[in-house]
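Please read the structure below before turning to the comments.
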Amino acid sequence: SCFDKDEEDKLPPETQAGNNTFGCLVNGKVWLPRGVPFSSVGTVAWVNSSYTYLSVGANQDNSQSMGFVLKDTEITSGSVYTLDSNDNSHADFESRCETGAYCYYGSNSKNVGGLTITKFDTINMIVSGRFSFKAYFTEAQASDCGCDSLFSITEGRFDLKYSFQP
């Protein structure tokens with residue numbers, strides 16, 4: 001193949017140009033989005049028209065996905081937000097087990113994660129930032145899944161073009 005395997009498994013650089021990049025470390029390993037269901041790049045970002053809601057999601061070939069939501073808070077460049085178990089600011093992680101069922105994980109208030117918006121450009125519709133959180137096991141879709149208890153998400157970065165919430 002034409003692709004150098006080492007090149008593929010690097011975190012994207014931190015940019016603020018709407019390059020539609022997203023990446024992080026999951027338990028120390030590079031995690032990059034790929035494919036459906038969101039889009040060919042595997043990411044999606046939604047904002048509401050009053051800029052008080054942000055939802056970012058990333059998917060890896062239907063095997064794992066993650067995302068975070070900010071609600072009822074002003075989204076601005078340079079702002080830092082906590083990711084905990086609050087309905088207004090939380091992060092989620094899902095991982096599919098061998099049986100095809102999902103294990104669900106979420107940020108919580110004991111070990112708070114963080115989201116920094118490095119750029120929020122309402123003219124060019126760009127949202128960029130950094131994130132990290134610990135995703136604790138919350139629920140299994142099936143009892144025979146053998147879910148891990150925790151995923152550690154670190155060195156997260158994203159640079160996305162957003163759309164308005166449908």
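Within the 3.5 Å criterion, the main-chain N or O of Asn88 finds a donor-acceptor partner in the side chain of Asn86. Under a 3.5 Å cut-off, the side chain of Asp61 and the backbone N or O of Ser63 do not form any donor-acceptor pair. Between the side chain of Ser107 and the main chain of Ala91, a donor-acceptor pair closer than 3.5 Å is present. With Asn48 contributing its side chain and Tyr53 its backbone, the two residues share a donor-acceptor pair below 3.5 Å. Side chain of Lys161 to main chain of Asn124: a donor-acceptor pair is present (N/O by atom type, distance under 3.5 Å, no hydrogens or angles). When atom types are taken as modelled, the side chain of Thr21 and the backbone of Phe158 share no donor-acceptor pair closer than 3.5 angstrom. Not one N or O on the side chain of Asp159 forms a donor-acceptor pair closer than 3.5 Å with the backbone of Asn20. Side-chain atoms of Gln141 do not come within 3.5 Å of backbone N or O of Ala101 as any donor-acceptor pair. A donor-acceptor pair is defined here as one N or O able to donate and one able to accept, closer than 3.5 Å; no such pair exists between the side chain of Arg157 and the backbone of Pro13. Side-chain N or O atoms of Asp121 include one that pairs as donor or acceptor with a backbone N or O of Ile123 at under 3.5 Å.
Atoms CG and OG1, on Asn27 and Thr154 in that order, are 8.5 Å from each other to the nearest 0.5 Å. Between atom CH2 of residue Trp46 and atom OG of residue Ser163 there is a gap of 5.0 Å, rounded to the nearest 0.5 Å. Separating the CD atom in Gln16 from the CD1 atom in Ile126 is a distance of 9.0 Å, to the nearest 0.5 Å. The NZ atom of Lys29 sits 13.0 Å away from atom SG of Cys24, with the distance rounded to the nearest 0.5 Å. Atom CZ of Arg96 sits about 13.0 Å away from atom CD of Gln60, to the nearest 0.5 Å.
Side-chain contact check for Phe151 versus Trp31: every heavy-atom pair is 4.5 Å or farther apart. Using a 4.5 Å heavy-atom cutoff, the side chains of Thr122 and Tyr51 are in contact. Side-chain contact check for Val127 versus Lys119: every heavy-atom pair is 4.5 Å or farther apart. Residues Leu115 and Val80 are not in side-chain contact: their nearest non-hydrogen atoms beyond the backbone lie 4.5 Å or more apart. When side chains are defined from C-beta on, Cys145 counts as touching Thr99, because their heavy atoms get closer than 4.5 Å. Proximity of Asn108 to Lys110: side-chain heavy atoms (C-beta onward) are separated by under 4.5 Å at one or more points. In this structure, Met66 and Phe131 have side chains that are in contact, with non-hydrogen atoms separated by less than 4.5 Å.
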Which is it for Met125 and Phe164 under the side chain to side chain contact (heavy atoms under 4.5 Å, CB included) test, yes or no, and what are the steps along the way?
-> CA-CA 9 Å; Met125 296 173 72; Phe164 284 107; 3.7 Å; yes
Under the side chain to side chain contact (heavy atoms under 4.5 Å, CB included) criterion, do Val69 and Leu54 qualify, and how do the steps go?
-> CA-CA 6 Å; Val69 173; Leu54 169 68; over 6 Å; no
Can Leu150 and Lys134 be said to form a side chain to side chain contact (heavy atoms under 4.5 Å, CB included), step by step?
-> CA-CA 7 Å; Leu150 170 72; Lys134 293 209 182 321; 3.8 Å; yes
Kindly determine whether Leu11 and Glu155 satisfy side chain to side chain contact (heavy atoms under 4.5 Å, CB included), including the steps that lead there.
-> CA-CA 9 Å; Leu11 288 176; Glu155 289 186 46; 3.8 Å; yes
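Separation of the Phe93 and Phe68 ring centroids does not fall under the 6.0 Å cut-off.
Neither side chain, Thr52 nor Glu74, offers a donor N or O lying under 3.5 Å from an acceptor on the other. Side-chain contact, Tyr136 with Asn111: a donor N or O sits under 3.5 Å from an acceptor N or O. Side-chain contact check for Asp84 and Ser109: no donor-acceptor pair (N or O, by modelled atom type) lies under 3.5 Å.
Residue Ser132 comes nearest to Leu83 through the heavy atom pair O-CD1, 4.2 Å, listed as atom of the first residue, atom of the second, then distance. In plain terms, the two heavy atoms of Ser95 and Tyr105 that are nearest each other are CB-CE1, 4.3 Å. The heavy-atom pair separating Ile75 from Tyr81 by the smallest distance is CA-OH, 3.3 Å. For the pair Leu32 and Gly23, the tightest heavy-atom approach, listed with the atom from each and the gap, is CD2-CA, 4.0 Å. Here the shortest heavy-atom pairing between Phe133 and Asp92 reads CZ-O, 3.9 Å. What you find for Pro33 and Ala58 is that their closest heavy atoms are CB-CB, 4.0 Å.
Heavy-atom neighbours of Arg130 CZ from other residues, nucleotides or ligands within 6.0 Å: at or below the threshold of 12.
Remark: SG of Cys147 is found under 2.5 Å from SG of Cys103.
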